[in-house]
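Before any comments, here is the structure.
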Amino acid sequence: MFTPRYSITDKMAQHLMDIQRASVIVDYLPLPPSVLKKLQKQSRESTVLLSTKIEGNRLDERAKRQALYAQSEEGLEQEVFNLMKAIEFLEQAEHRQLPITEELIKQLHAVIQVVHGGRRPKFSEYRQAQNVVGNRNQSGYYMPPEYQDVPTLMEDLVAWVNSPNSMQIPAPIKAGIFMYQFLTIHPYMDGNGRTARMFATYLLRKAGLGLKGLFVLETFYDRNLTGYYESLQMDLHHNYYFGRNDADLTRWLEFFIEGAATVFSEVADEVRQLSYEYISVEPELIRGLDPQQRMVFAQLAFKRVSLSTTDIRRLLDLSERTIRDKVKKWIAEGFLVPRDEDAQRIRSVTLAEKYRKLAEEMEQDLDRYRYLLQ
């Protein structure tokens with residue numbers, strides 16, 4: 001049974017608060033949809049560029065950018081393309097709220113791995129031979145567990161990440177533990193680093209710390225590559241069975257959580273600045289709307305006369321019950337009004353009078369507010 005050992009230090013506790021604070025800022029400060037989509041695309045691309053750089057891909061940035069969306073017969077280009085496809089795969093898994101299972105791990109790795117000829121498998125089976133990290137007698141050399149032990153170790157890791165006990169652990173700590181243990185087991189001959197980092201990001205996003213898809217953990221590792229490897233090694237014996245199988249993970253977790261806090265804070269600063277640039281010129285009524293209200297306002301102001309509760313549910317991608325509660329709240333606040341005020345059940349809504357008048361004024365200067373439509 002996998003039972004990680006670690007302590008939450010004062011430094012870690014402070015960084016956990018920094019992560020939460022940054023997450024709240026990004027979640028609630030509005031950005032025009034077109035700007036958000038552009039930033040999300042940049043984040044995906046940065047993840048690929050930096051992750052492959054960390055793993056030693058020798059292509060320069062220009063060549064990598066050309067390979068992001070184009071399949072290739074060349075190994076280095078294919079590595080770049082595959083990682084972009086892997087990001088799309090995990091985004092779909094996140095949308096479905098899939099738990100981390102051995103099946104999901106094997107599916108993701110099958111997307112990541114570079115296959116030279118033949119048919120690409122749907123699942124990557126764990127390694128069937130011993131592999132090593134680095135060169136013997138050199139710094140960073142590591143000998144993972146024997147391949148016969150990998151299935152049991154991976155089964156234990158997946159059982160832990162889905163256990164009731166792990167659900168009580170702060171998500172950044174849980175993500176850091178999973179990433180460390182995955183890299184320690186080294187279940188594949190290649191692609192372990194890319195897979196482990198992607199699942200660390202996945203765990204953060206699934207826990208509600210997604211920052212709208214704008215954070216890239218690899219940014220911190222790229223700046224602190226020596227610290228990244230040293231924190232993973234923690235001056236332990238190079239052989240898994242001589243200490244790494246029961247290591248105290250505090251040192252690694254301090255590094256991991258500091259990295260997450262740094263990256264999160266940088267994203268929050270960027271979003272704060274961009275949001276200010278847009279909302280500072282907006283009418284006061286618009287500035288007071290939360291991101292979901294802004295989406296509804298844009299539809300009712302420029303595209304639709306009214307919206308049904310089903311329309312709003314599809315627009316915001318929320319449950320029917322949540323939408324009903326929100327609509328009632330927005331009506332009480334004077335943002336919306338029922339289209340049929342005499343109906344016993346609210347089926348469709350339109351803007352309250354003061355927002356409708358504002359929309360009419362904004363239509364006279366549509367170019368200035370065009371970003372609301374994007």
Side-chain angles (χ1 to χ4, degrees), residues 1-6 51 55 82-83 86-87 89-94 96-113 115 120-133 142-207 217 231-234 236-250 252-253 256:
M1 178 182 296
F2 175 58
T3 307
R5 293 195 300 116
Y6 63 94
S51 191
E55 296 303 318
N82 287 359
L83 197 54
I87 289 175
F89 173 84
L90 272 192
E91 285 180 346
Q92 293 171 5
E94 180 191 354
R96 298 168 61 194
Q97 283 294 291
L98 297 181
I100 293 180
T101 61
E102 289 188 82
E103 180 181 19
L104 188 67
I105 290 169
K106 292 177 178 181
Q107 285 179 308
L108 178 68
H109 188 268
V111 178
I112 288 175
Q113 71 173 332
V115 177
R120 176 176 294 279
K122 292 184 178 180
F123 302 92
S124 289
E125 297 304 329
Y126 301 138
R127 58 184 165 88
Q128 292 294 308
Q130 177 64 355
N131 63 350
V132 296
V133 180
Y142 171 55
M143 184 175 291
E146 298 288 342
Y147 74 88
Q148 297 94 332
D149 293 337
V150 167
T152 299
L153 291 170
M154 288 300 296
E155 184 179 9
D156 287 349
L157 175 58
V158 168
W160 170 81
V161 82
N162 294 302
S163 69
N165 287 340
S166 80
M167 300 303 173
Q168 307 304 315
I169 299 173
I173 293 179
K174 183 176 178 178
I177 291 172
F178 184 91
M179 179 173 165
Y180 177 88
Q181 187 64 7
F182 190 100
L183 290 171
T184 298
I185 298 169
H186 233 67
Y188 295 104
M189 299 301 290
D190 185 47
N192 296 285
R194 280 161 280 161
T195 305
R197 289 189 294 272
M198 290 193 72
F199 273 122
T201 295
Y202 185 69
L203 283 169
L204 291 171
R205 291 175 60 152
K206 268 188 91 255
L217 293 179
S231 297
L232 281 170
Q233 293 157 15
M234 297 191 295
L236 295 169
H237 195 280
H238 70 270
N239 191 306
Y240 167 79
Y241 298 99
F242 290 86
R244 298 203 188 205
N245 55 335
D246 187 34
D248 186 318
L249 307 186
T250 304
W252 157 252
L253 289 174
F256 177 85

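Residue indices begin at 1 and follow the sequence shown.
Here Q97 pairs with E94, K206 under the side chain to side chain contact (heavy atoms under 4.5 Å, CB included) rule; sequence neighbours left out. Judged as a ring pair (Phe, Tyr, Trp, His ring centres under 6.0 Å), and not counting sequence neighbours, the contacts of Y126 are Y188. With sequence neighbours left out, the side chain to side chain donor-acceptor pair (under 3.5 Å) criterion links Y147 to no other residue. Remark: H186 pairs with no residue by the ring pair (Phe, Tyr, Trp, His ring centres under 6.0 Å) rule, at least two apart or across chains. Under the side chain to side chain contact (heavy atoms under 4.5 Å, CB included) criterion, P99 pairs with T101, N162, not counting sequence neighbours. Looking at residues two or more places apart in sequence or on another chain, you find a side chain to side chain contact (heavy atoms under 4.5 Å, CB included) between A196 and M179, F182, L183. Listed by chain and number, the residues in a ring pair (Phe, Tyr, Trp, His ring centres under 6.0 Å) with F2 are W160 (sequence neighbours excluded). Applying the side chain to side chain donor-acceptor pair (under 3.5 Å) criterion to Q113, with sequence neighbours excluded, gives S124.
The CD1 atom of I112 sits 5.5 Å away from the CE atom of M198 when rounded to the nearest 0.5 Å. Within the model, atoms CG of N82 and CD1 of I87 stand 11.5 Å from one another, a figure rounded to the nearest 0.5 Å. Residue L104 holds its CG atom at 6.0 Å from CG of L98, rounded to the nearest 0.5 Å.
Side-chain atoms of Q130 come within 3.5 Å of backbone N or O of P144 as a donor-acceptor pair. No side-chain donor-acceptor contact under 3.5 Å links Y6 to the backbone of W252.
Sorted by first and then second residue, the salt bridge (Lys or Arg N to Asp or Glu O under 4.0 Å) pairs involving residues 96-113 (not counting sequence neighbours) are K106-E125. Residue pairs that meet the salt bridge (Lys or Arg N to Asp or Glu O under 4.0 Å) test with at least one member in residues 186-203, sequence neighbours left out, are E55-R197, E79-R194, D190-R194, R197-E218. Pairs passing the salt bridge (Lys or Arg N to Asp or Glu O under 4.0 Å) check and including a residue from residues 237-248, sequence neighbours excluded, read R5-D246. Among residue pairs with one or both ends in residues 153-181, none qualify as salt bridge (Lys or Arg N to Asp or Glu O under 4.0 Å); sequence neighbours excluded.
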